[in-house]
Amino acid sequence: MIAMNANAKQMRRRRGEILDEARALTEKGAMSASDQKEFDRLMAEADELGARIGNVARVDELDGELSQKANLRTRGGAEGSSDPDTIWRDTKTGDEIRALKKGESLAARYQGAAHPNVTLGDCVRAMLAPGTATPDVRAALSEGIDTAGGFTVPETLSSQIIDKLRAEAVCTRAGAITVPMDAPTVYLAKLDGDPTASWRGENATISESSPAFARVTLSARSLATVIKLSRELAEDSANLDATLRNALAKAFALELDRAALFGNGVAEPLGVVNWTGINTVSLGTDGAALSGFDNFLDGIYEMHVDNAGDPTAAIMAPRTEKTINKMKDGDGETLVRPPAIANLPFLVTTSVPVNQTQGISTDCSSIIMGDFSQLLIGMRTQLQIQVLRERFADNLQLGLLAYLRADVVLTHPESFTKIVGIKP
C-alpha cells in the first residue's frame, strides 16, 4: 500500500503499476483461486487510489481563484528561449505579468522614468553631503526617503543594478526566468499534474481528465549587504558609480544564487535542493569522487521518467569543475562527455558549498542539474540604501547598507536533479 501522505503524482504512478500487475494476471488465462484473490486485492487498492486522486482534484477545483485564472503561460517561452514573450497570470488579481526575455533589460521598462541623468554615485554623495546635491539629485532622493533615514533609489537606477545582478547570477545564465514583481506578493499558477488521454470506441463517452493546477507564491524577501568605503573614495572618486554598481551586483548575485539553490525557506527563499519532488542521484552512503559522467546520465533519466524536459545547465562548485576537467579515460586521455550531455553548459559558482555532510563525510558537494526555465526569480525593483556614519568612523570609513527584495520558486520540481555526495 502506498503511504497516506503520498502526493498525487506518486499515487498516479502506483495506480499505473497496480493496473499493470492486474493485467498480467488476466493475460495468464484462467486464474487460480490465489490469482483471483490477488487480482481482487489489486483492484481494491486501485479503486482506493482512484478515490484519493479524485479528492485531490476536487480540492483544487474548489479554489475558485485558481480555476478561473490558471492560465499558466498564455504564450511563448522563457528567458532562456527565443520565443517572443512569456506571460504569467497573477491568480489573485488576474493581472498579466510578463517575464523578461533573454537579454532584455529591466531598465528599458523605465527609460522614460523621472531623473534619467541621476547616477547611483550622485545619490550616495548627496546622502553624505546633502548641501552639495544638485536639484535633480535632491528631487530624486526626496521621493524615496523613509523614517529610518534610508533612501529608495529611483527605479531607473534600481533596475540597472538588478540587470547587472542578473548578468552576474549563475541561475539566470542557466535559464531561470526573471519575473518583475509589481506587488510584495504575487500568486502564480503552475501545472501540478498532466492531463491524460484515453482511447474510445465509437459513440462511447469520452473519459474526463483535467490537469491538476496548484499555486506558487512569490513573496518579496529582503536581501541585504553592507559595503565599506573610505570618505576619500566617496567624495573624490570619478568612478564611484561604476564601483558601487559592480560591488552591489556581485554581492547580491552570489547570495541570490546560494538561496535559489540551497536556501532553507525560513527567512530566505526555499532553494532547489530542498523542494519536495526534485530527483536525487547519490554517490553513496559516505559520498565518493566523480569518476565519469554516469551520474549525469542517471539524473537525466530520472527527469525523463517524470516527463520533464532536458536540462538547460548543470551548476557546480569550482572544485567539482576541476575534478571533471581532469578526468581521464583508460588511455590517459581527457574523458569525453557522452552525446546526451556534450552541449550541456557546466556553470560554476562559489555559492555551491564543498563542506556538505554525507554519512561520515563532511567534505562533500553537489551538482544541481535541471531545466532552469522552471525556476522563477521574482524581483521587486525597490533598492534601499542607508548610510552608516558611525559604525566604521574610527577608520574614516563609511558603510552603505543596501537591500532589495526578491524571491525564488519552482514551477516544476521534477525538472531538477541534485547529484549529492561528491567528494574531492
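Keep in mind the model is a prediction, meaning the values are calculated, not measured.
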Practice item. Apply salt bridge (charged side-chain N to carboxylate O under 4.0 Å, His left out) to the pair R166 and D163, showing each step before the final yes or no. Key: CA-CA 5 Å; R166 289 170 59 218; D163 283 335; 3.2 Å; yes

All heavy atoms of L347 vs all of A313, minimum pair found to be CD1-CB, 4.0 Å

With a 6.0 Å cut-off (strictly less than), is the heavy-atom count around NZ of K328, excluding the residue itself, greater than 12? yes

ring-ring contact (aromatic ring centres under 6.0 Å, His included) filter on F346, not counting sequence neighbours, yields F296

Taken in chain and number order and not counting sequence neighbours, the residues that satisfy side-chain hydrogen bond (donor to acceptor under 3.5 Å, both in side chains) with T312 are none

CD1 (I161) and CD1 (I385) are apart, to the nearest 0.5 Å, by 6.0 Å

Fill in: Under 3.5 Å donor-acceptor, D286 side chain and I360 backbone
yes

In terms of heavy-atom contacts, A22 and M43 come closest through CB-SD, 3.9 Å

Do I177 and T411 come within less than 4.5 Å of each other through their side chains, counting heavy atoms only?
no

Residues I227 and A247: closest non-hydrogen pair is CD1-CB, 3.8 Å

Original post:
Does D306 reach the main-chain N or O of S415 with its side chain, forming a donor-acceptor pair under 3.5 Å?
Top reply: no

Practice prompt. Indicate yes or no: at least one non-hydrogen side-chain atom of M327 is less than 4.5 angstrom from one of F293.
Written response: yes

On a heavy-atom basis, the closest approach of L42 and I18 is O-CG2, 3.1 Å

The salt bridge (Lys or Arg N to Asp or Glu O under 4.0 Å) partners of D35 (sequence neighbours excluded) come to K28

With sequence neighbours left out, the residues meeting salt bridge (Lys or Arg N to Asp or Glu O under 4.0 Å) with R245 are D241

The salt bridge (Lys or Arg N to Asp or Glu O under 4.0 Å) partners of D257 (sequence neighbours excluded) come to none

Residues passing the ring-ring contact (aromatic ring centres under 6.0 Å, His included) test with F416, sequence neighbours excluded, are F372

side-chain contact (heavy atoms from CB on, under 4.5 Å) filter on E390, not counting sequence neighbours, yields A393

Worksheet item: With distance as the sole test, does T323 use its side chain to make a donor-acceptor pair with the main-chain N or O of R319 at under 3.5 Å?
Response: yes

Distance only, no hydrogens: is a donor on one side chain within 3.5 Å (strictly under) of an acceptor on the other, for T217 and S219? no

Hits for side-chain contact (heavy atoms from CB on, under 4.5 Å) against N325, two or more places apart or cross-chain, chain-then-number order -> E321

R405 meets the side-chain contact (heavy atoms from CB on, under 4.5 Å) criterion, sequence neighbours left out, with P184, A220, S222, R380

Taking every heavy atom of W275 against every heavy atom of L270, the minimum-distance pair comes out as NE1-O, 2.9 Å

Shortest non-hydrogen pair, G309 vs M303, comes out as O-CE, 3.3 Å

#### Entry: Check: D331 side chain, E333 main-chain N or O, donor-acceptor pair, under 3.5 Å
no

- Query: Between L223 and E255, is a side-chain contact (heavy atoms from CB on, under 4.5 Å) present by the stated rule, with each step listed?
  - Reply: CA-CA 8 Å; L223 177 60; E255 180 54 24; 3.2 Å; yes

task = Check for a donor-acceptor pair, side chain of N279 on one end and backbone N or O of G299 on the other, with a separation under 3.5 Å.
result = no

Residues passing the salt bridge (Lys or Arg N to Asp or Glu O under 4.0 Å) test with E268, sequence neighbours excluded, are R258

Residue pairs passing the side-chain hydrogen bond (donor to acceptor under 3.5 Å, both in side chains) test with at least one member in residues 340-369, sequence neighbours excluded, are S282-Q358, T349-S351, Q356-S366, S361-K423, D363-K423

Contacts of N246 meeting side-chain hydrogen bond (donor to acceptor under 3.5 Å, both in side chains) (sequence neighbours excluded), chain-then-number -> K164

